[in-house]
Amino acid sequence: MIRKFISRVLGRKTPPSHGKPVTIAVAQHGLQRDDISRGCRRTVETLQEHGYQAFVVGGAVRDLLAGIRPKDFDVATNATPEQVRQCFRRSRIIGRRFQIVHVAMGAETIEVTTFRGHHREHDGNKAHTDAQGRVLRDNVFGSQAEDAARRDFTVNALYYDPTSEIIVDYHHGVADLRQKTLRMIGDARMRYREDPVRMLRAVRLAAKLGLAIDPEARKPIREMAELIDNVPPSRLFDEMLKLLTSGHAVRCVTQLREEGLHHGLLPLLDVILEQPLGERFVMLALEATDMRVREDKPISPGFLFATLLWHELLAKWELLKGRGDPAIPALFVAMDDVLDVQAEKLAITRRIGGDIKDIWAMQPRFEQRSGKRPYGVLQQPRFRAAYDFLLLRAESGEVDRDVAGWWTDFLHANDEQRAAMLLPQAPGETKKRRRRRRAPTNDGPHAATGH
Ligand code: ATP
Ligand code: MG
């Protein structure tokens, strides 16, 4: 109560980090040291042998307690990056916003981070912020308590020592996890202002872990949603990709919408979810993605973003065709338009942008089911992705199911069956082609009217 009052008055959080942490023994938390990857255990042990403190931290501890297999293991230590590097032959310091050390252990890479501290005005370490209060740089080492306080949610501030099998818990994260609550450490508004991406993280982690976002953390999201505008596009892209490939994309997107987070700030979701056919298509795509993630199958970001933007592309394409532009060039213009608009908010990488275009550009070619053309389509390097995309379009009701069915049959047929499946050439189609190859003097007028 008092802390909250003080924080309101001062407009900043008094760090709860000065409180004593709770240490939780294995009998109470149940996490076994064997749950930790070998590489991670060895990293922690080596640091401890050199006299440093070292813990497994963050998402891995949280996920294991929640019964989920962690994606990766992170280590936090009081050793500086340089000291960490000296403990491991195969390690290197990675720059970025904050120096971390990558330690190679067999096939694993363990990320080792030095405890981070607060920025205080009086010691000249104030964090650099932009006009909206977003923290631009924060690279001060600190104590474990300070490190815990600057993490986002209580369930993310747990430190597990595989040697003693004790969990150090500064913010009642273990209890929150048991009570299925995602609670922000400190004042939620201030933490969102420092880093608006935390709003997206709240939605993603709640969906992934089946937690309810604590009202104190949930309420401000709606009001502060527009701060997302301020986040660099590349970071937003990373976070959206994490969200969409979390295996809980449907739940995440539904929740983003409930929190008002999709509106105005992610044009991507904004546009599509507002049109019934678009929504159906996107939800089908996300369901399929969730299924693949849960089955440990690889998923392609290009495919995912191609589906998310498809209905926006269709709208642009129709507009251009309505103006009288020829279909295929219009498609290419529309593709560039849609991707350019996205780039302002979401830095889709060049490679993924290329994949998206390949998938889109193939779609009109599926309509051509006569002559040699279907064979050419089968040979395309991106055939599989484009074909899966076609199936989704058919399932959502956007294209005739017969077309998709035809391609499925064609794909599985032998040479003879394929030849029998080809549709008759459209009237004039063969003639036109032959004519064009002859001397232009006779055919000029016909060729011009042929399209
Ligand atoms: P996952 O790995 O499932 O995506 P995670 O919580 O592990 O989720 P990471 O990005 O790997 O996410 O971050 C590791 C830890 O770093 C988090 O558990 C959290 O303690 C801290 N962290 C990450 N992002 C932020 C942030 N924006 N603000 C504060 N702390 C953060
Ligand atoms: Mg993680």
Side-chain angles (χ1 to χ4, degrees), residues 13 15 17 36-37 40 55-77 94 96-98 100 102 108-119 127 129 133-139 142 144-160 167-171 173-174 176-177 182-211 213 217 221 224 227-228 230-232 235-249 251-252 293:
K13 176 176 61 74
S17 50
I36 307 298
S37 75
C40 179
F55 300 86
V56 187
V57 71
V61 184
R62 173 200 71 207
D63 288 356
L64 284 171
L65 287 174
I68 300 171
R69 187 160 45 90
K71 280 198 315 248
D72 43 39
F73 290 88
D74 298 332
V75 169
T77 178
I94 309 290
R96 277 198 282 163
R97 220 165 73 146
F98 186 78
I100 55 174
H102 276 178
E108 278 183 81
T109 300
I110 308 296
E111 216 171 274
V112 182
T113 314
T114 305
F115 294 144
R116 270 194 252 183
H118 298 293
H119 293 263
T129 60
R134 190 170 65 83
V135 172
L136 300 176
R137 240 183 315 131
D138 56 347
N139 46 3
Q144 185 185 26
E146 287 173 323
D147 186 76
R150 59 159 302 290
R151 291 178 185 270
D152 45 8
F153 302 101
T154 62
V155 297
N156 282 345
L158 300 172
Y159 300 79
Y160 175 65
I167 289 181
V168 185
D169 180 359
Y170 285 86
H171 301 279
V174 172
D176 283 343
L177 200 55
L182 189 72
R183 196 186 310 279
M184 183 71 87
I185 297 172
D187 178 58
R189 282 169 205 278
M190 189 182 123
R191 304 302 310 276
Y192 290 143
R193 216 170 295 127
E194 284 172 358
D195 182 5
V197 165
R198 289 174 184 147
M199 294 189 261
L200 296 176
R201 284 178 55 84
V203 168
R204 174 168 64 87
L205 293 175
K208 169 175 168 173
L209 299 160
L211 306 182
I213 306 175
I221 293 182
M224 302 180 83
L227 289 182
I228 299 260
N230 206 22
V231 176
R235 199 152 171 245
L236 207 52
F237 177 74
D238 286 348
E239 191 53 37
M240 279 306 289
L241 197 56
K242 269 195 173 183
L243 190 145
L244 295 169
T245 58
S246 64
H248 305 278
R251 223 187 304 164
C252 283
V293 173

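Not measured: the values here are computed from a predicted model. First listed ligand is number 1; within each ligand, the first listed atom is number 1. Numbering of residues begins at 1 and proceeds along the displayed sequence.
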Participant: State plainly whether the residues D176 and R183 are in salt-bridge range, i.e. N to O under 4.0 Å.
Facilitator: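 Between R183 and D176 there is a salt bridge, with a charged N closer than 4.0 Å to a carboxylate O.
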Participant: Identify, for atom 21 (C) of ligand 1, the protein heavy atom at the shortest distance, and state residue, atom and that distance.
Facilitator: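 Result: R151 NH1, 3.7 Å.
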Participant: Is there a donor-acceptor pair under 3.5 Å between the side chain of R62 and the backbone N or O of T154?
Facilitator: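 Absent.
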Participant: Looking only at protein heavy atoms, which one is nearest to atom 17 (C) of ligand 1, and how far off is it?
Facilitator: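 It is R201 NH2, 3.5 Å.
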Participant: Below 4.0 Å from ligand 1: does a non-hydrogen atom of D195 turn up there or not?
Facilitator: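 Contact present.
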Participant: Report the distance from atom CZ of R191 to atom CE of M184, rounding to the nearest 0.5 Å.
Facilitator: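 It comes to 6.5 Å.
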Participant: Specify the closest pair of heavy atoms between L177 and A66, including all atoms of both residues, with the distance to one decimal.
Facilitator: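 Looking at all heavy atoms of both residues, the closest pair is CD2-N, 4.2 Å.
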Participant: At less than 4.0 angstrom from any non-hydrogen atom of R150, what atoms of ligand 1 do you find?
Facilitator: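 The atoms of ligand 1 under 4.0 Å from a heavy atom of R150 are 29 (C), 30 (N).
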Participant: Return the minimal non-hydrogen interatomic distance between A148 and I185, and the atom names on each side.
Facilitator: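 Closest pair (atom of A148, atom of I185, distance): O-CD1, 3.5 Å.
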Participant: So which heavy atom in the protein is nearest atom 14 (C) of ligand 1, and how far is it from that ligand atom?
Facilitator: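 Looking at atom 14 (C) of ligand 1, the protein heavy atom closest to it is D74 OD2, 4.0 Å.
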Participant: Which of the atoms of ligand 1 are close to K208, meaning less than 4.0 Å from one of its heavy atoms?
Facilitator: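 This gives 3 (O) as the contact atoms.
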Participant: Below 4.0 angstrom from a heavy atom of G58, which ligand 1 atoms are there? Numbered from 1 as shown, please.
Facilitator: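 The list of qualifying atoms is 18 (O).
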Participant: Would Y170 and D147 count as a side-chain contact (heavy atoms from CB on, under 4.5 Å) here? Give the steps.
Facilitator: CA-CA 10 Å; Y170 285 86; D147 186 76; over 6 Å; no
Participant: Considering both backbone and side-chain atoms of R204, is one of its nitrogen or oxygen atoms within less than 3.5 Å of a nitrogen or oxygen in ligand 1?
Facilitator: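 N/O-N/O distance below 3.5 Å exists for this pair.
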Participant: Any idea which part of R235 is under 4.0 Å from ligand 1, heavy-atom wise: side chain, backbone, both or neither?
Facilitator: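 Side chain only.
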Participant: Which pair of non-hydrogen atoms, one from L243 and one from S246, has the smallest distance, and what is that distance?
Facilitator: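 That closest heavy-atom pairing would be O-OG, 2.9 Å.
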Participant: Relative to atom 19 (C) of ligand 1, which among V197, D152, D63 owns the nearest non-hydrogen atom?
Facilitator: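 The nearest heavy atom belongs to D152.
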Participant: Compare K242, R198, R62 and give the one whose heavy atom is closest to atom 11 (O) of ligand 1.
Facilitator: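 Looking at heavy atoms only, K242 sits closest to atom 11 (O) of ligand 1.
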Participant: Backbone or side chain, does any N or O of K71 fall under 3.5 Å from an N or O of ligand 1?
Facilitator: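 In this structure, K71 places an N or O atom under 3.5 Å from an N or O of ligand 1.
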Participant: Out of K208, R69, K71, which one pairs with D63 under the side chain to side chain donor-acceptor pair (under 3.5 Å) rule?
Facilitator: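 Answer after filtering K208, R69, K71: K208.
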Participant: Considering the heavy atoms of G59, write down every atom of ligand 1 situated less than 4.0 Å from one of them.
Facilitator: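 Near G59, the atoms of ligand 1 are 7 (O), 18 (O).
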Participant: With side chain to side chain donor-acceptor pair (under 3.5 Å) as the test, pick out the partner of E239 among R204, R198, R201.
Facilitator: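 Exactly one pass, corresponding to R204.
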Participant: Using a 3.5 Å cut-off on N or O atoms only, is D72 in polar contact with ligand 1?
Facilitator: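 The answer is no, given that D72 and ligand 1 share no N or O pair closer than 3.5 Å.
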Participant: Look at ligand 1 and say whether E239 reaches it with a heavy atom at a distance under 4.0 Å.
Facilitator: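 No heavy atom of E239 comes that close to ligand 1.
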Participant: Between I167, N156, V168, which is the residue that forms a side-chain contact (heavy atoms from CB on, under 4.5 Å) with V61?
Facilitator: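 Among I167, N156, V168, the one meeting side-chain contact (heavy atoms from CB on, under 4.5 Å) with V61 is I167.
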